[in-house]
Amino acid sequence: MPIENTSVTLEEVARLAGVSTSTVSRYLSGTHVVAEEKATAIESSIKRLNYRPNLVARGLAKGRTMTVGVLTQEISSSFFNEAMRGVEDGLASHHYEAIFVSGHWNKVEEEQRLMSLMGRRVDGVILLVAELDDELLDRHAQGVPTVLLGRQSASMRVHSLCFDHYAGACEAVRHLVELGHRRIAFIAGPPGRQDAEERLRGYRDTLVAAGLPFDERLVAPGGYVETGGVTAMNMLLDRGLPFSAVFAANDDSAYGAMLALYRRGMRVPDDMSIVGYDDLSHSSFSLPPLTSVRQPLRDLGREAAGAVVALIDGRKPPRATMAKLELIVRESTKAVPVTR
């Protein structure tokens with residue numbers, strides 16, 4: 001049973017483990033390899049004594065605050081929650097604390113929040129799908145190690161981690177085509193957003209590759225929000241054009257689209273198949289469960305945390321690659337009945 005003692009010192013851990021204080025220090029810092037037998041003894045002593053390193057003192061000794069600023073958009077969003085959990089887990093494994101702030105999809109707010117984080121002397125910054133332009137990001141990155149998650153930056157100072165949204169969209173539309181759907185509508189994301197534009201391009205190109213026409217009248221803006229999905233679906237139905245399936249640019253707008261269909265007395269997937277994008281935690285519990293393109297957001301968050309710590313330490317982060325996406329097929333899609 002652990003001994004509760006908040007004043008346990010490094011020397012006491014070393015004495016119990018039967019090693020030198022410097023060996024314990026090297027083990028905790030992770031900067032040197034410690035023999036397996038000694039590492040096991042140190043870990044056992046830490047647990048028995050309930051030792052907690054003084055991270056503040058360690059940070060001050062290195063001239064650091066041991067904090068990383070994380071600029072997100074909406075803390076209440078399921079999408080950003082997944083990414084933030086990954087960031088938090090990844091930073092914790094390196095003994096860093098995260099300071100979260102929200103930009104609310106507003107460039108002015110984003111810059112204000114970023115300046116606030118830098119005023120707190122954070123050691124690094126992680127930006128989740130920031131609206132800030134590359135020139136501004138480059139300028140800020142001169143003062144603090146910066147990682148951008150969710151989009152590619154042209155700045156050589158910013159380490160970017162993103163998904164292949166084009167390939168994900170192609171996969172979603174291809175699934176509907178393979179089910180026999182020939183008239184497929186699209187609920188688009190915010191115009192001008194890199195990820196939204198890539199999903200629109202994937203939708204259009206997959207239709208053309210399948211020999212199907214791209215009809216702009218089957219595209220409606222959803223803005224990545226539930227209310228936008230409701231409005232977009234009503235807009236598409238009110239145009240009076242035939243279509244049997246919908247690809248929504250994210251799960252939130254897909255939820256809204258399904259609500260609009262329900263209110264019109266239409267059933268998913270019997271009357272309309274729907275595919276979303278993100279595979280949020282709620283998607284497997286929606287009615288019906290939503291077919292969606294899964295983004296490994298938590299994994300990408302952990303990768304972002306590892307990258308910013310590497311930059312803080314003066315190391316080059318692993319080369320960024322496009323994260324792999326996966327289509328998760330559920331009950332919101334079905335094949336078109338064969339007519340004779």
Side-chain angles (χ1 to χ4, degrees), residues 59 62-75 77 79-80 83-84 86-88 90-91 94 96-168 189-201 224 295 297 299-323:
K62 295 181 179 180
R64 299 177 184 175
T65 62
M66 303 307 291
T67 59
V68 169
V70 183
L71 173 66
T72 181
Q73 297 301 330
E74 299 289 346
I75 288 179
S77 163
F79 174 89
F80 289 108
M84 288 189 293
V87 168
E88 194 171 38
L91 290 177
H94 293 283
Y96 278 84
E97 294 288 340
I99 300 176
F100 294 103
V101 295
S102 296
H104 304 115
W105 300 113
N106 183 294
K107 290 183 180 180
V108 175
E109 280 196 54
E110 283 188 7
E111 186 168 17
Q112 289 173 345
R113 301 297 180 271
L114 187 55
M115 293 301 294
S116 174
L117 289 172
M118 295 180 74
R120 291 173 176 267
R121 301 181 62 82
V122 293
D123 299 320
V125 171
I126 296 173
L127 307 167
L128 305 184
V129 200
E131 293 282 280
L132 295 172
D133 59 52
D134 288 335
E135 183 179 350
L136 197 56
L137 287 175
D138 184 77
R139 189 159 67 246
H140 284 298
Q142 294 180 46
V144 62
T146 302
V147 172
L148 176 62
L149 188 153
R151 100 165 195 250
Q152 191 70 36
S153 172
S155 170
M156 297 300 292
R157 293 188 178 91
V158 177
H159 185 76
S160 301
L161 298 170
C162 59
F163 296 109
D164 191 343
H165 298 290
Y166 176 81
R193 284 271 305 276
Q194 187 180 95
D195 55 350
E197 295 296 332
E198 287 296 290
R199 294 173 202 185
L200 172 60
R201 190 168 66 89
Y224 284 170
Q295 301 190 75
L297 297 168
D299 291 343
L300 200 66
R302 292 192 190 97
E303 189 175 344
V308 80
V309 170
L311 290 172
I312 292 168
D313 289 342
R315 296 180 286 112
K316 189 175 182 180
R319 186 170 178 269
T321 56
M322 289 285 192

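All of these numbers come straight from a predicted model, not from anything done at the bench. In this chain, numbering begins with 1 at the start of the sequence shown.
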Less than 4.5 Å apart, side chain to side chain, heavy atoms only: is that true for Leu114 and Leu136? no
Measure the spacing between NZ of Lys316 and CG of Leu311 and express it to the nearest 0.5 Å. 11.0 Å
Apply side-chain contact (heavy atoms from CB on, under 4.5 Å) to Val101 and list each qualifying residue two or more places apart in sequence or on a separate chain. Leu71, Arg113, Leu117
Is Glu135 atom CD crowded by more than 12 heavy atoms from other residues, nucleotides or ligands, each under 6.0 Å away? no
Heavy atoms, side chains only, cut-off 4.5 Å: are Met84 and Leu128 in contact? yes
What do the steps show when you test Glu131 against Arg193 for salt bridge (Lys or Arg N to Asp or Glu O under 4.0 Å), and what is the final call? CA-CA 8 Å; Glu131 293 282 280; Arg193 284 271 305 276; 3.8 Å; yes
Can Gln73 and Glu110 be said to form a side-chain contact (heavy atoms from CB on, under 4.5 Å), step by step? CA-CA 8 Å; Gln73 297 301 330; Glu110 283 188 7; 2.6 Å; yes
Would you please name every residue forming a salt bridge (Lys or Arg N to Asp or Glu O under 4.0 Å) with Asp134, sequence neighbours left out? Arg151
dist Phe80:CZ -> Phe100:CZ (nearest 0.5 Å) comes out at 12.5 Å
The reported gap from CD in Glu109 to OG in Ser116 (rounded to nearest 0.5 angstrom) is 12.0 Å
Hey, does His140 have a side-chain heavy atom less than 4.5 Å from the side chain of Arg157? no
Would you say CZ of Arg201 has more than 12 non-hydrogen atoms from neighbouring residues, nucleotides or ligands within 6.0 angstrom? yes
What's the separation between atom CZ in Arg302 and atom CG in Leu297, rounded to the nearest 0.5 Å? 11.0 Å
Thr67 to Arg121 - nearest heavy-atom pair and separation: OG1-O, 4.5 Å
What one should report as the nearest heavy-atom pair of Gln194 and Gln152 is OE1-N, 3.0 Å
Mind listing the closest non-hydrogen atom pair of Leu137 and Leu127 along with its distance? CD2-CD1, 3.1 Å
Nearest heavy-atom neighbours spanning Ser153 and Leu148: CB-CD2, 3.7 Å
What one should report as the nearest heavy-atom pair of Thr146 and Ala141 is OG1-CA, 3.6 Å
Residues that Tyr166 engages under ring-ring contact (aromatic ring centres under 6.0 Å, His included), provided they are two or more places apart: none
With no hydrogens and no angle check, is any side-chain donor or acceptor of Asp123 less than 3.5 Å from a backbone partner on Met66? yes
Atom pair CZ (Arg199) and CZ (Phe163), whose distance is rounded to the nearest 0.5 Å: 9.5 Å
Between Asp313 and Arg315 (side chain of the first, backbone of the second, donor and acceptor by atom type, cut-off under 3.5 Å), is there such a pair? no
What closest approach, in Å, do Gly150 and Val129 show between heavy atoms, and which atom pair accounts for it? CA-CG2, 4.3 Å
CD1 (Ile99) and CD1 (Ile126) are apart, to the nearest 0.5 Å, by 12.0 Å
Stepwise side-chain contact (heavy atoms from CB on, under 4.5 Å) test for Glu197 and His165: CA-CA 9 Å; Glu197 295 296 332; His165 298 290; over 6 Å; no
